[in-house]
Amino acid sequence: MVMMTYREAVQRALDEEMGRDANVIFFGEDVGKAGGVFKVTPGLYEKYGPVRVRDTPISENAIIGAGVGAAVMGLRPVVELMFADFAAVTLDQIINQAAKFRYMSGGQLKVPLTIRAAQGGGAGFASQHSQCCETWFMHSPGLKVAVPSNPADVLGLLKSAIRDDNPVVFLEHKVQYAEKGEVPEGEHLVPFGVASVLRSGKDVTMVATQRMVAVALAAADELAKDGITCEVIDPRTLVPLDMETILNSVKKTGRLVTVEEAPHIGGWGAEVATRVTDAGIWYLEGPVVRVTLEGAIIPFSQPLEDHVIPNKGRVVSAVRHALTV
Amino acid sequence: MVMMTYREAVQRALDEEMGRDANVIFFGEDVGKAGGVFKVTPGLYEKYGPVRVRDTPISENAIIGAGVGAAVMGLRPVVELMFADFAAVTLDQIINQAAKFRYMSGGQLKVPLTIRAAQGGGAGFASQHSQCCETWFMHSPGLKVAVPSNPADVLGLLKSAIRDDNPVVFLEHKVQYAEKGEVPEGEHLVPFGVASVLRSGKDVTMVATQRMVAVALAAADELAKDGITCEVIDPRTLVPLDMETILNSVKKTGRLVTVEEAPHIGGWGAEVATRVTDAGIWYLEGPVVRVTLEGAIIPFSQPLEDHVIPNKGRVVSAVRHALTV
Amino acid sequence: MIAAALPVDTRFHMLQRMLEIRHCEERIQELFLENVIRGTTHLCIGQEAVSVGMAATIDAPRGDTVTCTYRGHGHALALGLTLRSMMAEMMGKEAGCCKGKGGSMHLTDMSVGLIGTFAIVGAGLPVTNGAALAAQIRGNGAVSISIFGDGTPNIGAWHEAVNLAAVWKLPSIFLCENNLYGEYSPYETTAPVPNVADRAAAYNIPGVIVDGQDAEAVYAVVQEAVDRARAGHGPTLIEAKTYRYKGHSRTDPATYRPAGELEQWQARDPIHILAERMKADGQLNDQQFKQMDQQAQDAVQEATTWALAQPYPPVEAAFEDIWV
Amino acid sequence: MIAAALPVDTRFHMLQRMLEIRHCEERIQELFLENVIRGTTHLCIGQEAVSVGMAATIDAPRGDTVTCTYRGHGHALALGLTLRSMMAEMMGKEAGCCKGKGGSMHLTDMSVGLIGTFAIVGAGLPVTNGAALAAQIRGNGAVSISIFGDGTPNIGAWHEAVNLAAVWKLPSIFLCENNLYGEYSPYETTAPVPNVADRAAAYNIPGVIVDGQDAEAVYAVVQEAVDRARAGHGPTLIEAKTYRYKGHSRTDPATYRPAGELEQWQARDPIHILAERMKADGQLNDQQFKQMDQQAQDAVQEATTWALAQPYPPVEAAFEDIWV
Ligand SMILES: Cc1ncc(C[n+]2csc(CCOP(=O)(O)OP(=O)(O)O)c2C)c(N)n1
Ligand SMILES: Cc1ncc(C[n+]2csc(CCOP(=O)(O)OP(=O)(O)O)c2C)c(N)n1
Ligand SMILES: [Mg+2]
Ligand SMILES: [Mg+2]
């Protein structure tokens, strides 16, 4: 095991895959010479040169489209959208072109494109640079969606994403970039669609992603003092989604709490909850409770931002509510 | 009561509101001189003139942005996106600007903008002109979302939308344009957030929107032959969503089936289902079942398209599944 | 610019293809009105010279590619999509180039270099850049051509793509079919410059206007742009002045057109122009032309009959090809 | 173009505002480094002449409006946003112009005609068109100015907006602050034309270049564009050549800039230029300038102290202002 930051894990995944496969190229706004606005990708430009690593104009449609076209022709582009919020200026290229191209072409094309973007709140970037955007992509069949919560998963999932023949939206949580974690030495791949169970318990199942994983674990600690044990599951990828692990857990606990940072209406929590209430209704012994972004537009002011993003206290209350008999 | 088509109801709502309020303006691609590609808005250009009714270049960002700016300055623009799928090229203006402007400005601004768009499958328009897109908008707080299923609701909701001081996404189902229905004479307004109960029953609650309302009603007829009675609810607006009516119904029936035309993952069905399993878990006596777009990319070929869009048979099976004890 | 005459076999090939496209489009419209083809169609009748002039520059085995719009039947056929594959796709049959999943607006045939006909205005250009980027990286001298209409330069994706191609000197060629209308809007009501080619100034790339009714002229300017691109000198914006004889789509009667306009353009019919030139050069006589025309008609009829007899895909196919 | 000298009181006002902007930005940076201001900030130090030159043309009571980017503190102050309101917003305080919900990147003050400072590149221009459209419909002669950077013309929304304004002859003015860099990318690495103003050709509108360090020159060209717009002659694209002394945002040390470049621009400091001109014209002496500078510093300090003492909004405020 080696210690590295979430940020370094992104860089290492890119470096390893670019070293391994000459078809991997990487471009985006200021990702090359400057190493990215979040300083996530330093050194790649120097190592792989200006043909394979490129800085682009501020043209998100052109960026994603170039990724789609290059992917169709057999390259494996990794493109960066910088802030995930910017996907909104180019959603057409992502969900109408990249996601559907294989289908529309009757299986002739494949689009091995990886779209990296930093999402999430907590940094005081206000309403247009803080959103969690996974819902847009989950709702678009043809796209895989990764939401790593720690450096090891960043490394293993990003490498898998680049090798995947489907378009993948790879969402990094910007507030986690500096977080450190242990990463296996040598080649480390994490398959898509396999959740990790970070804590086991018998009273409540919590499903959480990215920064909310730590929040869920902290809440579990707190609840443990009262003898309530929580099982905490990190799905790691939302498409595909490992419902088996979640359902098995709910079978045991009878209760489900989802903890996500996205706006309440139509977040992934609703999707997980609904699948459980279809396939797993008979195991459920209490309400399914979602903890989400309250109010749902992210304010700039710190006390307000802290208030709307789920925290330990809100998760603890949600679990207690879920335990209502 | 007068009979009119869904299409005529759109035109009448626009005509009435433009006649009533000089601040209402209307623009979009070929909506003026040509009366719209779906021939929904004939006569308005002639009646209200080229200052208030305008044809635009193919520039969806510029169109929505002009709507936002004009709305902020006190006009009440109605803009047309033609196909709702095209929202993907301008989602930023819709969800980052229109939806959040009031919030970001600390309440200084209001954005009385109505965005009309035709959505839905069944017409052989293939994967990029057939989607139901309500999820994108529901997930963006600050936007109201209307999904009328019949001419009377089109008229009443569109008039309410235009008078609303919030931005509204008004989704028309393109396959319904030719459908006829009774519409009250004189001024007809339908408030947002009030569902209509189209059929009452005691065994299962069905929630359906737009073209799926008729499918749900047909399924209910079929099931009635076996003595199964269904309550069919049309929420009419998804934001705000009339959960009270839905919960009261589930309280009575103990079962919930949602029928929607959007892709399965993260559709409004998941949202409704999850709210029911939080607030109404104790009433539920069986699995919550969603009927959605199967496979979830719309194919061109008729037998395939017919197969993926929910139909009576699938709804009947879903209800039977929901009745599993 | 008077284009140099092309070799006689190239001319024959172009003429044959234009006739096939013409008859195929007419047949498609009939089938549409008979409800055999559903949804929508956007016919290119009148614009065939652009298709064949463009296609003659494409070297698919080398890796050249094309993206175009929903008005793409002609380009697809000119590139070499078979009439059978086309007709079957129009009807949603399993034997269609996209197994019936794409339909009129979404044709792909990678064997002839056709990446796709794009249904979202402007969406094809960024993708063409990607193909051009792949060529640039591989150094294989391949190019990618993106074809679009006169209404398309108004959309953001168009601008971003032309701009990026200029900045990266990509081997992309941007070929506008200015057929005077974007849907029902005359060009001059939605664009601030008289010619689409005038926009090239904003990207510091050549902007060339060509007679879109003359297949040889189109070939010449596109070939020049292709040569520039292959040589690493970057993109070119070409505007072919042309006209669609039919309405925008489906059953649009095109009442917004001034009287006489259609007839004026029909007098410069692309098939006629090439045929007359060949006759003048002693390469073709009336009898031969009639034969070619009949052959094209027969080929279209054969493909139609064949496609009609083909099965629809099994319903399970709806769930295939979403994922690799 | 040598701009005509402005009246002395206008000059004093501009100079005062530039000094306030300069000191305010410097204070903001300090507060940012002290963690009193969080998130990010994009300072306009060095670009103040554009702000005051532009603002002098705006008649807010008439209905004139402005949109700009996240690099908008200077424009907001020049238009008349108070230092207190600004500082409170920077700190996320309830007394901020947006009740602390917007922050550095989202300033709105309708009382001075500031619709918003937009955080998404290119998003402000379409909205400016909407305000201009409202003015056109009402016939009140109002205009709307949109200010953006040199990296912005590469994005689709920019193009669509300039294009629509040209087609509809909207009273929109598009004012580019070409400060040589878009984030860390030098202008010429991301744009195919030497000047942003060169792009005007694609829209058949005037494209004007102006010395962005000279407030009076900026005023003159913007005023000319405003007059054109008020008279119904449509939009103008203006490019002000300027420079940001600081990095792009936050703590960017701007190491990508060639040695000496900053100093070269500082030698043409906008405050210095106007002050020296006033001195040469006998309108200002060193003593007075020092006083003005001190006043500006004091005003910023006063506003800072005041804002620091202001309360944060109550947490419930997070749920207000979503809906009307
Ligand atoms: C983003 C987007 N906006 C609008 C449309 C609807 N639409 C389809 S074709 C068309 C007109 C295009 O005109 P032009 O570029 O001149 O091409 P032509 O059809 O004449 O070949 C429009 C507006 C679309 N498909 N995509
Ligand atoms: C759509 C979008 N893409 C990318 C960004 C990230 N971004 C913020 S500022 C900026 C550079 C803008 O440069 P320029 O237009 O020159 O303005 P300046 O910052 O120099 O004033 C970029 C790329 C963004 N905010 N929005
Ligand atoms: Mg056209
Ligand atoms: Mg700049």
Side-chain angles (χ1 to χ4, degrees), chain B residues 28-39 45 50 54-65 82-83 85-90 92-93 121-131 174-175 263-265 293-309 311, chain C residues 35 37-41 70 88-94 96 98-106 118-123 149-159 181-187 189-192 248-250 252 255-256 311-322:
Chain B
E29 294 160 20
D30 290 309
V31 300
K33 280 186 208 148
V37 292
F38 295 109
K39 302 289 172 258
Y45 177 81
R54 295 180 185 222
D55 291 325
T56 67
I58 309 172
S59 309
E60 281 79 5
N61 272 288
I63 294 168
I64 304 291
M82 199 182 298
F83 287 81
D85 317 60
F86 305 163
V89 303
T90 180
D92 177 64
Q93 282 292 338
F125 286 151
S127 77
Q128 298 180 343
H129 284 70
S130 303
Q131 300 168 89
K174 69 175 79 70
V175 170
H264 187 81
I265 300 184
L293 189 71
E294 262 193 60
I297 303 181
I298 300 205
F300 167 69
S301 184
Q302 178 136 27
L304 304 193
E305 183 175 26
D306 289 350
H307 189 66
V308 298
I309 294 178
N311 54 30
Chain C
N35 277 319
I37 294 177
R38 63 196 290 260
T40 185
T41 55
Y70 48 84
E89 190 62 31
M90 292 294 128
M91 298 177 194
K93 300 298 182 73
E94 195 173 13
C98 301
K99 299 185 192 160
K101 290 181 186 173
S104 167
M105 295 200 283
H106 304 287
F118 286 71
I120 301 292
V121 165
D150 51 285
T152 306
N154 295 323
I155 204 163
W158 182 91
H159 168 74
Y181 297 90
E183 283 186 353
Y184 320 129
S185 293
Y187 170 74
T189 63
T190 61
H248 167 69
S249 67
R250 295 182 280 175
D252 166 24
T255 49
Y256 44 84
Y312 284 108
V315 291
E316 304 75 46
F319 312 126
E320 292 162 7
D321 301 322
I322 297 176

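Convention: sequence-line order gives letters A, B, ...; per-chain numbering from 1. The shown structure was predicted, so the numbers you read here are calculated from the model rather than taken from an experiment.
- The two residues C:Ser185 and B:Asp30 have their closest heavy-atom pair at OG-OD1, 2.6 Å.
- Using a 4.5 Å heavy-atom cutoff, the side chains of C:Arg38 and B:Gln302 are in contact.
- Closest of all the heavy-atom pairs between C:Pro313 and B:Ser301 is CD-OG, 3.6 Å.
- Residues C:Thr190 and B:Ile58 are not in side-chain contact: their nearest non-hydrogen atoms beyond the backbone lie 4.5 Å or more apart.
- Your options are C:Ala191, C:Gly100, C:Ala318, and the one with the most heavy-atom pairs under 4.5 Å with chain B is C:Gly100.
- If you measure heavy-atom distances from C:Tyr256 to chain B, you find no contacts under 4.5 Å at all.
- Using a 3.5 Å distance cut-off with no hydrogens or angles, the side chains of C:Asn154 and B:Ser59 do not pair a donor with an acceptor.
- In this structure, the portions of B:Val37 lying under 4.5 Å from any heavy atom of chain C include both its backbone and its side chain.
- Listed options B:Gly32, B:Ala62, B:Pro303 were ranked by heavy-atom pairs under 4.5 angstrom with chain C; first place goes to B:Pro303.
- Using a 4.5 Å heavy-atom cutoff, the side chains of B:Glu294 and C:Phe319 are in contact.
- Interatomic distance, CD of B:Glu29 versus CD of C:Glu183, reported as 6.5 Å (0.5 Å rounding).
- Between the CE atom of C:Met105 and the OG atom of B:Ser127 there is a distance of 8.0 Å, given to the nearest 0.5 Å.
- Heavy atoms of C:Pro153 lying under 4.5 Å from chain B are absent altogether.
- Interface remark: B:Phe86 contributes side-chain atoms only to the contact with chain C (heavy atom separation under 4.5 Å).
- The structure places CD1 of C:Ile120 at 6.0 Å from CG of B:Asp85, a figure rounded to the nearest 0.5 Å.
- Heavy atoms closer than 4.5 Å to chain C are found nowhere in B:Lys174, neither backbone nor side chain.
- Across all their heavy atoms, B:Ala34 and C:Tyr184 have their closest contact at CB-CD1, 3.2 Å.
- At a 4.5 Å heavy-atom cutoff, the contact between B:Thr56 and chain C is made by backbone atoms alone.
- Interatomic distance, B:Gln128 CD to C:Tyr70 OH, rounded to the nearest 0.5 Å: 12.5 Å.
- In this structure, the portion of C:Val121 lying under 4.5 Å from any heavy atom of chain B is its side chain and not its backbone.
- Taking chain B as the reference chain and counting heavy-atom pairs below 4.5 Å, the highest number among C:Thr189, C:Thr255, C:Thr40 is found for C:Thr40.
- With chain B as partner, the option from C:Asp252, C:Ile155, C:Val315 having the largest number of non-hydrogen pairs under 4.5 angstrom is C:Val315.
- For the residue pair C:Glu89 and B:Phe300, the shortest heavy atom distance occurs at O-CE2, 3.4 Å.
- If you take CD on C:Glu316 and CG on B:Leu304, they are separated by 9.5 Å, rounding to the nearest 0.5 Å.
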